Amino acid sequence: MSNLTLEQAVERVKKLRALIDDYRYHYHVLDESIMSEAAADSLKHELSQLEELYPKLVTADSPTQRVAGKPLDKFKRASHSSRMLSLNDVFDETELQAWQTRIDKLVANPAQYGYFMDIKMDGFACALVYQDGQLVQAITRGDGFVGEDVTVNVRTLDSVPLTLRQTKNTAPFLQGRTEIRGEIVMYKADFDRLNKDREKAGLPLFANPRNTAAGTVRQLDPALVVSRPLRFHAYDLQRDNPKEVPSYSKAYELLRELGVYANKVATVVNDLTSVKAFADEWEEKRQKLPFNTDGLVIKIDDRAIYERLGVVGKAPRAAVAYKYPAEQSTTKVKDIFVSIGRTGAATPVAMLEPVVVAGSTVQMATLHNEGEVQRKDIRIGDTVIIHKAGDIIPEVVEPLVTLRTGNEKVFVMPTHCPECNTVLTKAKADEAVWRCPNVACPARSQKHIEHFASKGALDIEGLGEKNVVALLEAKLIADQADIYNLTTEQVLALDRFAEISATKLVTAIAAKKNPPLARFLFGLGIRHVGTQTAIDLANHFLTLDKLQEATIEELAAVDGVGEVVAEAVVAWFEDPQNQRLLEKFEKSGVQPQSVTKQGGPLEGKKFVVTGTLEAMGREQAADKIRALGGTFQSSIGKDTDYLVVGANVGASKLAKADKLGTTQIDEQALLKMLA
Ligand code: IVH
């Protein structure tokens, strides 16, 4: 960003503000989302960086300077007794440490007061006002000072007590004014159920639990609220005399005694190392929480100290939100290039300005195909929202068109393969994917070799992308079969290799001269032949020769193999280029192991496993069944002897088994057979 001229910065700041404000308006006022919170955070981050760089550009109405949006007019407005504040975010240990250092300057050794930690719930903030123990008002956050009076709706929530519970500790709270603040959340399971019911009823689906909760609370018809499963989770207890609630840990105890839910996982620790450990623990475990969360809230437990530390801008100094890595972020598309896959598919890929998403740096994102680029209107130079979930390849969600400068370039799909210059073709006019038809295209060969060596196929250690590229560029190999003729001397001549690594690679390749037939078949990269189909084919035909001779009818008769797969297999073996490849394998001494019926105790018995097994994975179960002479099938058929029923089984599988009269056994019974 620092490479912008002042003029460009002014322009960018203006556009960012307008877009963030638009997002905020939709999110807070209309309960709609025009982008994810993480994407908006990323834009806000860019804006605050620019404002830091050019302090003169900061204005009072900048989104960095305020909380939430204006309340809608449909409910009565209600003032908060004290401002409902927001929290500043920290994203890692360094920023957490910096937060402590900042408060260190104002109070000595803040750790002595303990850090109170809770899960940051992704819901809708609400303040409950009790007078002499009776619920009199429920107010939304609004702009922090004034919210909406949603009492009629909130009264319908079971989790909100209409009268506070009296115990010997809570007696003072049933006199005078008591305010309880918290988050109204919809549990993930409730949300899923609600959407399923809506789907059945043909109603439009809700986007996410947070928006559904917010939209429901601000519904004008309380009857509708009753039908939606909302819950109130408290995080604050306030009294006119603050001494009555000396700490947050005490507040949570009291809240529960008063009859309000407060998260049980909340706890107090005495140093930042323990804060970090708690954060790490919940980063993994948070998926199992019933509600959505994107982080933790960390506060100085002692409330007198908390108050003394005061407020900076919109947030208390004594608290922070520790945010987990966002799964969405914004970045710029530097370029769009076309990548050629194993099957020749030409995929447009966005080259991005590197950005950290969900803990790892993302520099590229697939754009799937030409149509997708056009549909989303993604241009070179666009600022885009990118999304990454788990190990899934990052995707471009959408371009932020209002940030365009006019210098963006529309992507034009090339007519020729960028690798071998062959004209790209489509099998059918209406197919979405362009392909390079040249089977000898170097890009295709590279992907084929990588696939052949990959974990699910021959699992050759040391033959990843970079080494494959180096070997191809040195013209030491041109296809999968060539790898078996590599010598240590040849490999050693390449810059990437030293004596040990070269020997290791050649040894690793030689060790895979007799791969199991199923792995070899999968490794060949025949279209539609995935791991399971390869296993089914191997189990049925037993040898490569027999498979090669099989007709479409014979292939289609195999359980788990349909017409499309059968045709693809036949076409693959009929292709002269593939026949040459198989001859080369043979000449190099590669001989896939035939599947032998060992005459074990499960000889002739055919098994299908459905659902999740506890003691072992599917693959492991398959291996064990095969080792005892049994056959592992991918789907149930007339000849299946046993259906092993694990956990979480879909009804359709069982119905089919019932219809076919297949014997159903549980995991225990299978284990006995395997023992
Ligand atoms: S403590 C100064 N605890 O997050 C406000 N807030 O971004 C301190 N939130 O306004 C509030 N879970 O609406 C606190 N366990 C939790 C929370 C929580 C969600 C919300 C709350 C707050 C916002 C700050």
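Whatever order the structure lists ligands and atoms in, that order sets their numbers, starting from 1. Quantities reported herein were computed from a predicted structural model and do not represent experimental measurements. Hydrogens, waters and symmetry mates play no part in the numbers below; they use all other heavy atoms, side chains included.
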- Query: Which pairs, with at least one residue in residues 152-187 and sequence neighbours excluded, count as a ring-ring contact (aromatic ring centres under 6.0 Å, His included)?
  - Reply: Tyr187-His233
- Note on the structure: The side-chain hydrogen bond (donor to acceptor under 3.5 Å, both in side chains) partners of Glu93 (sequence neighbours excluded) come to none
- Query: Within 45 degrees of the axis of the six-membered ring of Tyr261 and under 6.0 Å from its centre: does Arg231 put its NZ or CZ there?
  - Reply: no
- Message: For Trp282 and Phe278, take the angle between the two ring planes, folded into 0 to 90°, and tell me which bin it lands in: parallel under 30, tilted 30 to 60, perpendicular over 60.
- Response: tilted
- Between Arg141 and Glu148, does at least one N-O distance fall below 4.0 Å, as a salt bridge requires? no
Extract all N/O-N/O pairs under 3.5 Å that connect ligand 1 to the protein, and present each with both atom names and the distance rounded to 0.1 Å.
unit_1	atom_1	unit_2	atom_2	d
ligand 1	4 (O)	Lys120	NZ	3.4
ligand 1	7 (O)	Lys120	NZ	3.4
ligand 1	10 (O)	Leu85	O	3.4
ligand 1	10 (O)	Arg141	NH2	2.9
ligand 1	12 (N)	Met121	N	2.9
ligand 1	13 (O)	Arg141	NH2	3.3
ligand 1	13 (O)	Glu183	OE1	2.7
ligand 1	13 (O)	Tyr235	OH	3.1
ligand 1	15 (N)	Asp118	OD2	3.0
ligand 1	15 (N)	Ile119	O	2.9

- Note on the structure: Those residues at least two apart in sequence (or on a different chain) that pass salt bridge (charged side-chain N to carboxylate O under 4.0 Å, His left out) with Asp377 are Arg379, Arg404
